[in-house]
Structures are given as structure tokens and as C-alpha cells.
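Atoms within a ligand are numbered from 1 in the order they appear, just like the ligands themselves.
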Amino acid sequence: MANQDSTNPSHDLFEQFVQAQTCKEVQRIFSELCHHLQVDPRDYQSFYTKLKERLNYWKAKSLWVKLDKRAQHQDYQQGEVCAKNKCLVLGAGPCGLRTAIELALLGAHVVVLEKRDSFSRNNVLHLWPYTISDLRGLAAKKFYGKFCTGALDHISIRQLQLILLKVCLLLGVEVQTGVEFKGFVEPSGATGWMAKLFPDNHPAGKFQFDVFISAGGGSFVPYGFKRKELRGKLAIGITCNFLNRHTAAETQVAEISGVARIYNQKFFQDLLTETGIDLENIVYYKDDTHYFVMTAKKKSLLKMGVIKQDFSDADKLLAQVNVDQEALLRYAYDAAQFSTGHCLPDMQFAQNHAGQPDVAMFDFTCMHRAENASLVRERKGKKLLMGLVGDCLVEPFWPLGTGIARGFLAAFDTAWMVRSWGKGRPHMEVLAERESIYQLLSQTTPENTSKKYSAFSIDPATRYQHVNLNSVKAFQVKNINIIYSFYFYSQYSVGAFEVLLKWCQQHTAGYDRVNVKDLNQSWRSGLALCALINTFRPRVIDMASLEESNAVYNNQLAFNFLERELGILPIMSAREMSFKGQIDKLSMVHYLTQIHDAFNERTPTKAPLSAPKVNPDPVNPDPEPSLMPGFSSNEECYFCCQRVYVLERISTEGKLFHRSCFTCHQCGTTLRLGGYTFNQHTGE
Ligand SMILES: NC(=O)C1=CN([C@@H]2O[C@H](COP(=O)(O)OP(=O)(O)OC[C@H]3O[C@@H](n4cnc5c(N)ncnc54)[C@H](OP(=O)(O)O)[C@@H]3O)[C@@H](O)[C@H]2O)C=CC1
């Protein structure tokens, strides 16, 4: 049998594919293998089956058994459920690739874009038990024999990418490296959503898709998604990697799963005395490299000359010009030496993707998380479902080791969303469900997720212990989608703001005391809004009776009309609009876009600019304004029962709150979504 295997070129190629250790090598051998077996990976729906038929020998079979087991899960409905969907995934980091695998199993046509052309991240990720079980199910051990054999559970980012890349390719996912996503090409009559790429003649630019998943990492978030900043006290992280030659002496050195100052003061005191290095904590993982990550105190970095000058602003403090690279290397080297008892022989820095010693210093004082995980865009009748996964969705706090675990949970949740999309569920329901699940993500720990790892699937109920798929309602995501739609649109359509401004100017021209020069400050007196209404509904407002100095009255008058007649909810109070220092442009763009959309289809009625009209009492409009379908008539804060405007509100558990009212019942601290528990019985 062994002889027969080694003489069969396809078996030999398959073995090389399984063992390949760089991204380029994997892609090259895969292409040779496909060529040799005469299977076309572009034929994504039958590619895996054909490959299996043609590679029907014992070594390959053990892999097929694993992948078949996964593919046969009921969630995928034998690859039928998303057979009509085309998905573009941005980023071939672990989260992008993991998502792509699920989308392929659902039967979708999947293309992954990655701007790097190599996998060069040495840094090592901590794995929760469920991720180990998940990766074993994808035959991780076959691709990487050392998978989780150490005393601790971890894997280098590049090894993880290699495993996932191989699975992706076998399942018919197209992975394009060395190509950067630059934005969207909106649908025309004949074509659907496409991507603007660099290089711009890249063939993936022709791919038309209805699902876009961004897994572009912490520094990439597609326009249209808003991020929240979570700021803690200054924390400076240092990562470094040393070559692992896998000698007996290196094997002897014990890993450090995490030692923190509060638990081992002596260790840190000795380190300080011996080296002058002052740390809060340190982790050491032995993987492809010897990987260290530590939190250093600013004072010691200044004292050791790593940081040249003290600044209160973290960006300035850690700016390249303010860091002495040689001193940083020394600092990291000495910390690594000390913490391994000087037992690692001949420590030499591994290289990063730029060919430099792999040492990085970063600020994790401030982390980001997206306010929502999904959006739907529609242009020319073509809908695009957008989702975020990985660091792009939630940046992890590395000492907790949550990055990849929560990253994979979000990948599954996103696949579940695409499944609902593929099933044709109304898109607001799809989004509401996705946002309901997203609220759980920041609370998840290995302890509060299900322990039945083998039963984990893309179905959230198999993973989260208490999942309520309806905690966010469809009407609540509606406003989020409207808010960002214009913003999003404007980023990719040259001059979209100008188009809106021109439209406003055109329809307010000629009115006394109205001069629209921009999309925010010119609207303060309320006269421009009233003028706009008067152009399209000439008998509603008596323009001549309005006074410029009575801004609250004018704004309230316009707000009332727009809400009652067109269902457009005010984004702030009339008082705020009149007196706020700077009117937020994005908020006004959102508001004016809705007015534009509501009036745009109608031809303005040519009427005298100041014909006598009867103004309703704006301060006391209809007691029960009839709202348009799709809008809630109950836009009150659950806690204070006051009106809650779109831009100041958050929603969870099917309720709305002012941001300022969403506080802990016990200590009064402002809470964030995902960082609270709700008592259904007391309503607190
Ligand atoms: N230092 C560390 O230890 C790091 C750890 N991680 C961890 O890795 C895990 C997975 O992270 P994940 O969310 O998958 O993100 P990753 O950062 O691993 O992957 C995202 C990939 O997308 C690429 N990319 C970004 N923008 C574009 C674009 N416009 N077009 C094409 N490609 C693009 C990025 O390239 P580029 O990076 O060049 O922008 C990167 O290779 C998490 O646990 C995370 O915490 C992630 C990053 C660093």
C-alpha cells in the first residue's frame, strides 16, 4: 500500500498539500493537484464531491470522513440552503476563513479577499476548549500534527490560517491573496453588487455578490458601521517572538499561561530588581516560535529609554518617532530571559512580515466594538447583506484570551444569519435576529457557554445557554439601517452629500431668511425645514408668520408635521436642534435623507412662497399622532418614560432606553449592551 501511494502522483501531491507550510505553497500545490485530477475549483458546488471521488485512497479518506461528518449536519440542508447566494468575505485572517468554511457548507459561492500575500503572523492565540473541539472536527491534527499537544492550548495565527485555508480550498472556496478591497461598485441595471479592488484589473472584481462579510481585522471596518470606543486605564502591551529550534533544551522550558502581578508579587519584584523592567503580567507560549506577551508599566518604559518622551495622549506616546527600537528589543529580550529562568538557549528574534525582529508595542487602553453586527443595503432593487466578524466586530482584550473564541462564535452567528437570508426570511427579521445574538457575544466565557462541544453548530441554541432570538425587534433595526444608509452611500458615491445639499437648496430657494449653505448649521432656525415642507405641501405652514428668533417653535412645527404625515421620527428635540453648539452633520444627513426620500417621488407644488396658512400648535400637536406602518408609536425610554430620540437611544430586551438611563440598578454605573443582566420579573 505504501509503495502504491508514493508512486501515485496525485497522492504525492495531496500529501504535499496537507503538509504545506506557507500560504503560497498551499495555493500552488492545490492548483497542481486540481490540474492533475482534472477538477475545477470554480465548479464550487460539485468540486468537493469530485475531489473525493478522484482521491479515494486511505489517507485522503480519513480527511473526507471528518469533513463529511460536518457537512452532513442538518443546519446545512445538504448545501441547498444557500445554493443561490454569493458571498464575498474580506480578510483571510482566522475569522474570515472560518466564516468562509461555514458559508461554503451552506452551499454558497464564496470568494475570500486578502491583501497580504503571505501568512506571517507568529503571534499565538489562546484556544477555548470548544475551539479545539471545533478545529479537531475540521481535521486540524491532520494538517498540523502538533495541534494542541503542548501543556497549554494555543496555536500561532499563521498555523491556524494554514489549516483553515486548506479546508476552505477543499470545500471550493476561492481564496484570493495579494488583493485589497477598496469599496463597492453599486448595482447597475444589469449587474449586481461588485467590489472595487486593488489591483483594479483583478478578476475577483467581476464577482457579483449578495452577501458581504468583513473580517478585515481591528483596523478595517466598512463604512456604514459605527464603532464604540471602550477606554480603560493606560495599558501598554508588548509582543515578541523568538526562533524555536525545537531542541531538547527548549522543550524543557515551561510555558507560562499567564502570571499577573497581583498573584505573584515576588516574581515581578525580582524582575524589577534584576532588570529594571516593571510589568503587570506576562504570558509565554511555545509554538512555532517562543511567543511572549506582556503588559509593561509606562514609568519603566520611560526609565529604560524605550519611550523617549512622556505624553498623556497614548497615540503620541507610542508613535514610532517616540520609541527607541533598540531599547524595546532589549526590554523584551530581558523580560523573556528572566521569565523563563534564563533557560532558553541562544534566543534570537523571529522575523515579522517586514523582515524585522518580531517585536511590537501597542496600546490596548482603548478597544473598539461595532454598535451593530449587520446591515442591509439596497440599490436599484438589489439587496446586499453585510456582516462583521472577528476583530472587526469586537476587538478582544488580549489578557482574557477571548479573541479567537469569540471570533469563531461570531463566525457561526454570521453563518446563521446568512442561512436565514438564503431561506428568504424578510431582511429586517434577519437583522433583528443577528443583533439579538450579537448582544450575547461580550458576555460569553468558557463557563457560560454549553459544554456539549460536539453538538456545537451554527445554530446559536447549541452554543449559548440562554439565547433569545427576539430580544431586538425588527422595527429597532430599521432605524439603524436608515441612519447608516446615507452615510454608507456617501462614502462610495462621489458627491452624494453634494447631491443632497443641492436638492435642499433647490427646494428652499427664494424663501425669505432661508439660506441653505450646508447640511447642519443652516437648519438651526427651523425656517429651512419649514420651507422645504412648504415647497412640497404648500397649505400646511404659514411661512410669513414664522420668526427666525423663535427656533424652538419652528423646529417643533416641522418635526411634528414630518412625523405625523410622513412617519419620519425626529432625531433630537427641537430645543437641542435650536441651541446645540454644533448640529451633528451625520444626524442631519440621516434626517434630510428621509425627507428627501419621502418627497423625492412627488413633484413640488408651485404655490406662493408665503401664502397664508394655519399653523398647528407645535408644542401641543395631536395627542396621538398616527404613525406610518413600521414605526413604533411607543418611542419612550423604558426607565424614565420620556421620549427617546433616535440618536440618543439604545435598545435591548425589546425595549428602548436613553443611553444615560441605561445604568446599573444597584450602583448607577452606565452599562453597555452585552454587559448587563436583566431581571424579567422585576424589570430591572
Ligand atoms: N498582534 C496580534 O496578536 C494579533 C492578533 N489577532 C487575533 O487574531 C484573531 C483573528 O483576527 P481576525 O478578525 O481574523 O483578523 P486578522 O487581523 O487576523 O485578519 C484580517 C486580515 O484582513 C486583511 N485586510 C484588512 N483590510 C483589508 C482589505 N481592505 N482588503 C483585503 N484584506 C484586508 C488584514 O491585512 P492587514 O493586517 O495587513 O491589514 C488581515 O490579514 C483574533 O483573535 C485577533 O485578536 C489579530 C491581529 C493581530
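Protein heavy atom in closest approach to atom 27 (C) of ligand 1: Leu90 CD2, 3.6 Å. In this structure, atom 9 (C) of ligand 1 lies nearest to the protein heavy atom Ile404 CD1, 3.8 Å. Looking only at heavy atoms of the protein, atom 4 (C) of ligand 1 is closest to Ile157 CD1, 3.9 Å. Remark: minimum distance from atom 19 (O) of ligand 1 to any protein heavy atom is reached at Gly93 CA, 3.3 Å. Taking atom 15 (O) of ligand 1 as the reference point, the nearest protein heavy-atom neighbour is Gly217 CA, 3.6 Å. For atom 25 (C) of ligand 1, the closest heavy atom belonging to the protein is Gly216 O, 3.1 Å. In this structure, the protein non-hydrogen atom closest to atom 13 (O) of ligand 1 is Asp391 N, 2.9 Å. If you check which protein heavy atom lies closest to atom 34 (C) of ligand 1, you get Glu114 OE2, 3.9 Å.
Using a 4.0 Å cut-off between charged side-chain N and carboxylate O, Glu371 and Lys226 make no salt bridge. A salt bridge does not link Glu180 to Lys196: none of the charged nitrogens lies less than 4.0 Å from a carboxylate oxygen.
The part of Arg116 lying near ligand 1 is the side chain, judged by heavy-atom distances below 4.0 Å. When non-hydrogen atoms are compared, ligand 1 lies under 4.0 Å from the backbone of Phe181 as well as from its side chain. Contacts between Ala215 and ligand 1, counted as non-hydrogen atom pairs separated by less than 4.0 Å, involve the backbone only. Contacts between Thr239 and ligand 1, counted as non-hydrogen atom pairs separated by less than 4.0 Å, are absent for every part of the residue.
Contact analysis puts Arg121 in contact with ligand 1, with a non-hydrogen atom separation below 4.0 angstrom. Within the 4.0 Å heavy-atom shell around ligand 1 one does not find Gly407. At a 4.0 Å cut-off, at least one heavy atom of Val179 sits close enough to ligand 1 to count as contact.
Side-chain polar atoms of Asn281 and Thr295 form a donor-acceptor pair below 3.5 angstrom. Checking Gln443 against Asn448 by side-chain atom types alone, no donor-acceptor pair falls below 3.5 Å. A side-chain N or O of Gln159 and one of Gln21 form a donor-acceptor pair less than 3.5 Å apart. Looking at Asn241 and Thr289, their side chains do bring a donor and an acceptor atom within 3.5 Å of each other. Remark: the Asn123 side chain and the Tyr285 side chain contain no N/O donor-acceptor pair separated by less than 3.5 Å.
Near Cys95, meaning under 4.0 Å from one of its heavy atoms, ligand 1 places the atoms 10 (C), 13 (O), 14 (O). Counting atoms of ligand 1 from 1 in the listed order, those under 4.0 Å from a heavy atom of Gly390 are 13 (O). Those atoms of ligand 1 with a heavy atom of Gly403 less than 4.0 angstrom away are 43 (O). Of all atoms in ligand 1, listed by their number and element, those nearer than 4.0 Å to a heavy atom of Phe220 are 26 (N), 29 (N). Remark: ligand 1 atoms within the under-4.0 Å shell around heavy atoms of Leu125 are 7 (C), 8 (O), 43 (O). Contact atoms of ligand 1 toward Asn123: 1 (N), 2 (C), 3 (O) (distance under 4.0 Å to a heavy atom of the residue). In summary, the atoms of ligand 1 found under 4.0 Å from a heavy atom of Pro396, numbered by their order in the structure, are 45 (O).
Between His73 and Tyr76, the ring planes lie perpendicular to each other; the angle is over 60°, past the 30° to 60° tilted range. Ring pair Tyr130/Phe456 is tilted by interplanar angle, where 30° to 60° counts as tilted.
Backbone and side-chain nitrogen or oxygen atoms of Lys115 are examined, and one is located within less than 3.5 angstrom of a nitrogen or oxygen of ligand 1.
Under the 4.5 Å side-chain criterion, counting only non-hydrogen atoms from C-beta, Leu138 is in contact with Arg98.
Here the CG-NZ distance, from Leu279 to Lys297, works out to 9.0 Å after rounding to the nearest 0.5 Å.
Annotation: side-chain contact (heavy atoms from CB on, under 4.5 Å) contacts of Ala332 (sequence neighbours excluded): Ile238, Cys240, Val359.
Surrounding CZ of Phe198 are at most 12 heavy atoms belonging to other residues, nucleotides or ligands under 6.0 Å away.
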Residues 169-179, side-chain donor-acceptor partners within the protein, below 3.5 Å, at least two apart:
from, atom 1, to, atom 2, distance (Å)
Glu174, OE2, Gln176, NE2, 3.0
Thr177, OG1, Gln27, OE1, 3.4
Thr177, OG1, Gln27, NE2, 3.3

